[in-house]
**Q** 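My questions will all concern the structure given below.
In this text, all values refer to a predicted model and were calculated from it rather than measured experimentally.
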Amino acid sequence: MTAVRRAQEPDGGGPRLRPPAHRVSPRAIAHWAIEYLLAWGLALGLAWGLAAWAGDSGWAGMPGWLSGRIGLLPVLVGAAGVLMSAVAPVWRYRVHRWEVSADVVYTRTGWFSREWLLVPVGRIQTVDTKQGWLERLLGLATIRVNTASHAGSSEVAGLPADVATRLAEDLAHRAHDLRDDAT
């Protein structure tokens, strides 16, 4: 087995996993907040357009109780967007952690349900570093650790770019050395 996954936080019935040692960069909060604002801004624009169209068209398929209140749709979507953009990035920052030991890459992610992923260094096939335009702007990067297993890949988003580069190089060298030792 190349990875161990736990879909939800242990309920005390089995052994508990300690949190990984490192948090992602605090700049990840800004990264995630901007992503949420962009997505919710698009949703707000669509809600506004739908409310304007439905209010002007006199569409007969709309229930009477809704026709007088359709103008509230953009307000509700905007309020949900502001709330999500303010709360979700901070929550994600508190949960997302990572650690690399001598033999395993250990990550914890999740929002409502938590996922712990342990990837043995000896099973690593590739380590990729990526930077989207927003990550580049904030000096962040994401590394993806890939194994041959479908469930064995791990991703650490929100790392400082220099840390991600060093970590990717270190993991690639360690995985290569372990493969050479095994043959």
**Q** How many angstroms lie between CD in Glu115 and OG1 in Thr109, if you round to the nearest 0.5 Å?
**A**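 Output value for this atom pair is 4.5 Å.
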**Q** When hydrophobic residues are tied together by side-chain contacts of less than 4.5 Å, even through go-betweens, does Trp53 share a cluster with Leu73?
**A**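 Same cluster: Trp53 reaches Leu73 through Ile, Leu, Val, Met, Phe, Trp or Tyr contacts under 4.5 Å.
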**Q** For Pro20, give me all partners under side chain to side chain contact (heavy atoms under 4.5 Å, CB included), at least two apart in sequence or on another chain.
**A**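 Pro20 satisfies side chain to side chain contact (heavy atoms under 4.5 Å, CB included) with Arg97, Glu99, Tyr106, Arg108 only.
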**Q** Show every donor-acceptor pair shorter than 3.5 Å between a side-chain atom in residues 157-166 and any protein atom, with sequence neighbours excluded, or say none if there are none.
**A**
residue, atom, partner, partner atom, Å
Thr165, OG1, Ala161, O, 3.0

**Q** Should Leu167 and Val145 be regarded as members of a common hydrophobic cluster, given that ILVMFWY residues are connected when their side-chain heavy atoms come within less than 4.5 Å of each other, either directly or indirectly?
**A**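 Yes, because Leu167 and Val145 connect within a single hydrophobic cluster, where side-chain heavy atoms sit under 4.5 Å apart.
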**Q** Any side-chain donor-acceptor pair under 3.5 Å between Glu35 and His31?
**A**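 Yes, side-chain donor-acceptor contact under 3.5 Å.
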**Q** Return the set of residues passing salt bridge (Lys or Arg N to Asp or Glu O under 4.0 Å) with Arg94 (not counting sequence neighbours), or none when no residue passes.
**A**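 So Arg94 forms no salt bridge (Lys or Arg N to Asp or Glu O under 4.0 Å) with any residue.
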**Q** Identify the two heavy atoms, one from Leu117 and one from Ser153, that lie closest to each other, and give their separation to 0.1 Å.
**A**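 Answer, listing the atom of Leu117 first, then Ser153: CD2-O, 2.8 Å.
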**Q** How many angstroms lie between atom CG of Leu50 and atom CD1 of Ile70, to the nearest 0.5 angstrom?
**A**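 If we round to the nearest 0.5 Å, Leu50:CG and Ile70:CD1 are 5.5 Å apart.
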**Q** Do you know which two heavy atoms are closest between Val95 and Gly110, and how far apart they sit?
**A**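 Looking at all heavy atoms of both residues, the shortest contact is CG1-O, 3.5 Å.
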**Q** Report the residues that fulfil side chain to side chain donor-acceptor pair (under 3.5 Å) with Ser85, sequence neighbours left out, ordered by chain and then residue number.
**A**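 Testing Ser85 for side chain to side chain donor-acceptor pair (under 3.5 Å), a comparison that skips the adjacent residues, returns none.
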**Q** Can you name the nearest heavy-atom pair linking Gln131 to Glu135, along with the distance?
**A**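 Residues Gln131 and Glu135, closest heavy atoms: CA-OE1, 3.3 Å.
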**Q** What distance separates Ser154 OG from Leu118 CG, expressed to the nearest 0.5 Å?
**A**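 Ser154 OG to Leu118 CG: 9.0 Å, rounded to 0.5 Å.
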**Q** Hey, could you give me the CG/CH2 distance between Leu138 and Trp133, rounded to the nearest 0.5 Å?
**A**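 So the gap between those two atoms works out to 8.5 Å.
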**Q** Under a 4.5 Å side-chain heavy-atom rule over Ile, Leu, Val, Met, Phe, Trp and Tyr, are Ile34 and Val87 clustered together?
**A**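 No, Ile34 does not connect to Val87 through the hydrophobic network.
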**Q** Under a single-linkage definition using a 4.5 Å side-chain heavy-atom cutoff for Ile, Leu, Val, Met, Phe, Trp and Tyr, are Tyr36 and Leu83 assigned to the same hydrophobic cluster?
**A**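 In one cluster with Tyr36: Leu83, yes.
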**Q** How far does CG of Leu140 sit from CZ of Arg27, to the nearest 0.5 angstrom?
**A**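 Between atom CG of Leu140 and atom CZ of Arg27 there are 5.0 Å.
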**Q** Val121 and Val104: which non-hydrogen atoms are nearest, and at how many Å?
**A**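 Looking at all heavy atoms of both residues, the closest pair is CG2-N, 3.5 Å.
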**Q** Mind checking whether Met84 and Leu46 sit in one hydrophobic cluster, side chains of I, L, V, M, F, W, Y counted as touching below 4.5 Å?
**A**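 Cluster IDs for Met84 and Leu46 differ.
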**Q** Applying ring pair (Phe, Tyr, Trp, His ring centres under 6.0 Å), which residue pairs with at least one partner in residues 85-105 are found, sequence neighbours left out?
**A**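 Of all non-adjacent pairs touching residues 85-105, those that pass ring pair (Phe, Tyr, Trp, His ring centres under 6.0 Å) are His22-Trp98, Trp32-His96, Trp91-Trp111, Trp91-Phe112.
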**Q** Indicate yes or no: at least one non-hydrogen side-chain atom of Lys130 is less than 4.5 angstrom from one of Glu155.
**A**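 Yes. Closest side-chain heavy atoms under 4.5 Å.
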**Q** Could you tell me which residues satisfy salt bridge (Lys or Arg N to Asp or Glu O under 4.0 Å) with Asp170, sequence neighbours excluded, listed by chain and number?
**A**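 Scan of Asp170 (salt bridge (Lys or Arg N to Asp or Glu O under 4.0 Å), adjacent residues dropped) gives Arg174.
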**Q** Output the distance between atom CG (Leu76) and atom CG (Leu44), rounded to the nearest 0.5 Å.
**A**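 Reported to 0.5 Å precision, the distance equals 11.0 Å.
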**Q** When you compare the side chain of Ile29 with that of Val90, does any pair of heavy atoms fall below 4.5 Å?
**A**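 Of all side-chain heavy-atom pairs linking Ile29 with Val90, at least one is under 4.5 Å.
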